[in-house]
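These numbers were taken from a predicted model, which means no experiment stands behind them. Order of the sequence lines sets the chain letters (A, B, ...), proteins ahead of strands, with each chain counted from 1.
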Amino acid sequence: MPTLATWNINSVRLRLPIVIDFLDQFQPDILCLQEIKCQNDQFPRKALEEKGYIHQAVHGQKGYHGVAILSKTPLTEISSRGFCDIPESRHISAMTDFGHGPVTVHNFYIPAGGDEPDPETNPKFRHKLDFLAEMSEWFDDLVFDARQIICGDFNIAPHENDVWSHKQLLKVVSHTPVETDALNGLLARRNWVDLVRQHIPIEEKLYSWWSYRAKDWDAADKGRRLDHIWATRDVAAKATNAQVVRPARGWSDKPSDHVPVIVGFGS
DNA sequence: ATGGCCCGTTTCACGGGA
């Protein structure tokens, strides 16, 4: 079955062994990575080629951020866009056909936003809101007669069942109303479908990130759903299942704090 | 119980993550 996955890997070089494990076990056609934390020439191209991901679109930078698309099928029209006039690597896109016709895949790493949810006092939060506003404008210019997928680490948990405690997180960056309203506005703007919630009921608690700071992330289970896969309606009509790979939070003694999210598209 | 950890870097301290 054609599948697409997204995973904030928090250093692709440090965690190459568990990326390989994931690819071996799940064999996605496409894997979108965020926070690769390396420059383009430091990306472990060869090891991933050897796993069959011979098509790679990498947009790295030194030390922080950075995104990449790994694919078994050819990638064309590879492109990255800057946001907020800041030279950070937070987006890369490519066109491919991994089973149901050509589709453009956009891989995003939306800014985290710092600690204080006040754009007047916290420039990082200002940046996050500006980034979302610019995404919204950019959506208006996207050609929507083509099939599109947008995925990545959006750093926002939009629904109350996307966090462990809605009440306790209302003033915590990632779940404040100004952020969730902005993300829901983006979703509605061009009729995107949240493929994960299309297949996993909104009544069910669902997380893709757990802090490193908890002593026992599994027992505490204070997670948030920050990682998303959206698609245009024509693509969404082909999606048949979604899963969040929760066990990956415990893979190796050095896991990422995010786990992979996967969507399957028919037989 | 509002602290607790983890990454890369012109490193023994910092910025950034969320």
Quiz item: If the P atom of B:dT11 is compared with that of B:dG15, how far apart are they to the nearest Å?
Solution: 14 Å
Quiz item: For A:Asp216, which contact category applies under a 4.0 Å heavy-atom criterion: base, sugar-phosphate, or nothing?
Solution: nothing
Quiz item: At under 4.0 Å between heavy atoms, what does A:Asp115 touch on the DNA or RNA strands: base, sugar-phosphate, or nothing?
Solution: base
Quiz prompt | Interatomic distance at P, B:dT2 relative to B:dC14, whole Å | solution = 25 Å
Quiz item: Looking at A:Glu116 and A:Lys171, does any basic side-chain N land under 4.0 Å from a carboxylate oxygen?
Solution: no
Quiz item: Can you tell me how far P in B:dA18 sits from the matching atom in B:dC7, rounded to whole Å?
Solution: 13 Å
Quiz prompt | Atom pair CD/CH2 of A:Gln148 and A:Trp192 - distance to nearest 0.5 Å | solution = 5.0 Å
Exercise. Using heavy atoms and a sub-4.0 Å distance, could you list which residues of residues 152-169 of chain A are near DNA chain B? By number, please.
Key: A:Asp153, A:Asn155
Quiz item: How is A:His175 classified with respect to the nucleic acid when contacts are heavy atoms under 4.0 Å: base, sugar-phosphate, or nothing?
Solution: nothing
Quiz item: Pairs in or reaching into residues 112-135 of chain A: which pass ring pair (Phe, Tyr, Trp, His ring centres under 6.0 Å), with residues at least two apart or in two chains?
Solution: A:Phe83-A:Phe131
Quiz item: Which residue pairs satisfy the ring pair (Phe, Tyr, Trp, His ring centres under 6.0 Å) criterion with at least one member in residues 29-49 of chain A, sequence neighbours excluded?
Solution: none
Quiz item: Can you get from A:Phe98 to A:Tyr53 by hopping between Ile, Leu, Val, Met, Phe, Trp and Tyr side chains that sit under 4.5 Å apart?
Solution: no
Quiz item: Relative to the ring of A:His65, is the ring of A:Tyr109 parallel (under 30°), tilted (30 to 60°) or perpendicular (over 60°)?
Solution: tilted
Self-check item: Closest non-hydrogen atom pair, A:Thr176 against A:Pro117
Solution: CG2-CB, 3.7 Å
Self-check item: Pair A:Asp257 + A:Arg249: basic N to acidic O under 4.0 Å
Solution: no
Quiz prompt | chain A contact limits on DNA chain B, taken 5' to 3' with a cut-off of 4.0 angstrom to heavy atoms | solution = B:dG4 to B:dA18
Quiz item: Under 30°, 30 to 60°, or over 60°: which ring-plane class applies to A:His91 and A:His106, parallel, tilted or perpendicular?
Solution: parallel
With a 3.5 Å cut-off and sequence neighbours excluded, list the donor-acceptor pairs that the side chains of residues 7-24 of chain A form with protein atoms.
from	atom 1	to	atom 2	distance (Å)
A:Trp7	NE1	A:His258	O	2.9
A:Asn8	OD1	A:Asn10	N	3.1
A:Asn8	ND2	A:Glu35	OE2	3.0
A:Asn8	ND2	A:Asp153	OD2	2.8
A:Asn10	OD1	A:Lys37	NZ	2.9
A:Asn10	ND2	A:Tyr212	OH	3.0
A:Ser11	OG	A:Leu14	N	3.2
A:Arg13	NH2	A:Lys37	O	3.2
A:Arg15	NE	A:Ile9	O	2.8
A:Arg15	NE	A:Asn10	O	3.2
A:Arg15	NH1	A:Lys254	O	2.8
A:Arg15	NH1	A:Pro255	O	3.2
A:Arg15	NH2	A:Asn10	O	2.7
A:Arg15	NH2	A:Tyr212	OH	3.4
A:Asp24	OD1	A:Lys51	NZ	3.1
A:Asp24	OD2	A:Lys51	NZ	3.4

Practice problem: Just call it for A:Lys215: base, sugar-phosphate, or nothing, with non-hydrogen atoms closer than 4.0 Å on any strand. | Solution: nothing
Exercise. Classify the nucleic acid contact of A:Arg249 as base, sugar-phosphate or nothing, counting any heavy atom under 4.0 Å across all strands shown.
Key: nothing
Quiz item: A:Phe125 near the nucleic acid: base, sugar-phosphate alone, or nothing, with a heavy-atom cut-off under 4.0 Å?
Solution: nothing
Quiz prompt | Residue mapping more 5' on DNA chain B - nearest nucleotide basis, A:Tyr64 or A:Lys222 | solution = A:Lys222
Quiz prompt | Residue whose closest nucleotide on DNA chain B lies nearer the 5' end, A:Ala214 versus A:Leu226 | solution = A:Ala214
Quiz item: Between the main-chain N or O of A:Pro260 and the side-chain N or O of A:Asp227, is there a donor-acceptor pair closer than 3.5 Å?
Solution: no
Practice problem: Could you check which residues of residues 10-19 of chain A get a heavy atom under 4.0 Å from DNA chain B? Sort them by number, please. | Solution: A:Asn10, A:Ser11, A:Arg13, A:Leu14, A:Arg15
Quiz item: Under a 4.0 Å N-O cut-off, is there an ion pair linking A:Asp162 with A:Arg197?
Solution: yes
Exercise. Could you give the distance separating B:dT10 and B:dC6 at their P atoms, to the nearest angstrom?
Key: 23 Å
